[in-house]
There are 2 protein chains.
Amino acid sequence: MYKISEFAEITGLSKETLRYYAEVKILEPAYIAPHNNYRYYDDGSYFLAILLGKLRRFGFTIQEMISVMEDESFSHLEDLLLQKKEKIQLQMEDLRQQTEEIDEFLKSGKEDVNDD
Amino acid sequence: MYKISEFAEITGLSKETLRYYAEVKILEPAYIAPHNNYRYYDDGSYFLAILLGKLRRFGFTIQEMISVMEDESFSHLEDLLLQKKEKIQLQMEDLRQQTEEIDEFLKSGKEDVNDD
DNA sequence: TTAAAACGTGGGGTGCACAACATAGTCAAG
DNA sequence: CTTGACTATGTTGTGCACCCCACGTTTTAA
């Protein structure tokens, strides 16, 4: 049983994130001490936390995480991952365009005050 | 003088964003009708709105937009733009890594339930 | 005149981070 | 064994940069 700080360290999630995930019920502590409300996590929580950490990194919303956690077979997960991958590729393309736009903007700014 | 909907259309900013920008004083309407509080924008606001739209797209925070708008010479703008460009490139690299991680995750998920 | 469309304000939602304040736990000194 | 100090944890509230919904009022078109 880990207290929140230790669990935060080993999972890479911040304490605030852990409290938040408990609040929204995607990762509830294995045990909560009644008299001081301390949250205790166990090895079962650990693997879920690692999974959630990855999903978070992949841009999953809380709602999507919920739908993943509710579906114990994780059958939905692969679809969502593929969706995220596509989304990420769109984002990359968008970022690429942004750098271009910044360059244009800088260039036009050097000559005069107009752009577009 | 444009009312908010028309101004939103021609600038590409949403009505909510316009109201928000007015609230935080980075783009205040040229005129506000006293008896109904309707916001009216003019061509002067137009150019500022276009500028802000670009900055927004480039990931400027409101604070940064404020500092840009306060500095009428726009001398600070170029530095910030270059910073943003670097940041965007870091983001692109991060997204690229994310797609790799998703691929690994999918691959490991097909074989067994482990990962890492 | 009347109903639809547009505008305003206010409040909730997002996914945490961060700070404030109150309790609790821990460890050493008295 | 108690006291003090330091650390950890809890809860609550605020901030970010908007989006969205609800409700009330005003404007506009028919």
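Every chain is numbered from 1 and lettered A, B, ... according to where its sequence line falls, protein lines coming before strand lines. Not measured: the values here are computed from a predicted model.
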What is the separation between atom CE on B/M65 and atom P on D/dC16, rounded to the nearest whole Å?
13 Å

Scan residues 80-91 of chain A for pairs that pass salt bridge (Lys or Arg N to Asp or Glu O under 4.0 Å), counting only residues two or more places apart or in two chains.
A/E64-A/K84, A/K85-B/D103

Calculate the interatomic distance between B/Y41 atom OH and C/dG8 atom C1'; express it in whole Å.
12 Å

Counting only non-hydrogen atoms, which of residues 81-102 of chain B are less than 4.0 Å from DNA chain C?
none

In this structure, how many angstroms lie between the C1' atom of C/dA5 and the CD atom of B/E6, rounded?
15 Å

Please state how far atom CD1 in B/I66 lies from atom P in D/dG15, giving the value in whole angstrom units.
14 Å

Show every salt bridge (Lys or Arg N to Asp or Glu O under 4.0 Å) that has at least one partner inside residues 7-30 of chain A, sequence neighbours left out.
none

Should side-chain heavy atoms under 4.5 Å link Ile, Leu, Val, Met, Phe, Trp and Tyr, which residues sit in the same cluster as B/M1?
B/Y31, B/Y38, B/Y40

Report yes if at least one side-chain N or O of A/R57 is closer than 4.0 Å to OP1 or OP2 of C/dG15; otherwise report no.
no

Taking side chain as C-beta onward, heavy atoms only, is B/Y2 less than 4.5 Å from B/T11?
no

Check side chain to side chain donor-acceptor pair (under 3.5 Å) between A/D94 and all other residues, then give those that pass, not counting sequence neighbours.
A/Q98, B/R57

A/K3 NZ to C/dA24 P, in whole Å, measures 14 Å

On DNA chain D, compare the nucleotides closest to B/Y40 and B/F60; which residue's is nearer the 5' end?
B/F60

Hey, does the side chain of B/T61 come within less than 4.0 Å of D/dC16's phosphate (OP1/OP2), counting only N and O?
no

Other hydrophobic cluster members with A/L90, side-chain heavy atoms of Ile/Leu/Val/Met/Phe/Trp/Tyr under 4.5 Å, chained?
none

Counterpart residues, side chain to side chain donor-acceptor pair (under 3.5 Å), relative to B/E100 (two or more places apart):
B/R96

In whole angstroms, the gap separating C1' of D/dT27 from OH of B/Y2 amounts to 20 Å

5'-most by nearest nucleotide on DNA chain D - A/I4 or B/Q63:
A/I4

Near DNA chain D, counting only heavy atoms under 4.0 Å, which residues of residues 15-38 of chain B show up?
B/E16, B/T17, B/Y20, B/Y21, B/H35, B/N36, B/Y38

Hydrophobic side-chain clustering at under 4.5 Å (ILVMFWY, transitive links): who's grouped with B/I32? Put none if nobody.
none

Taking CZ in B/F47 as the centre, count heavy atoms belonging to other residues, nucleotides or ligands within less than 6.0 Å. Is the count above 12?
no

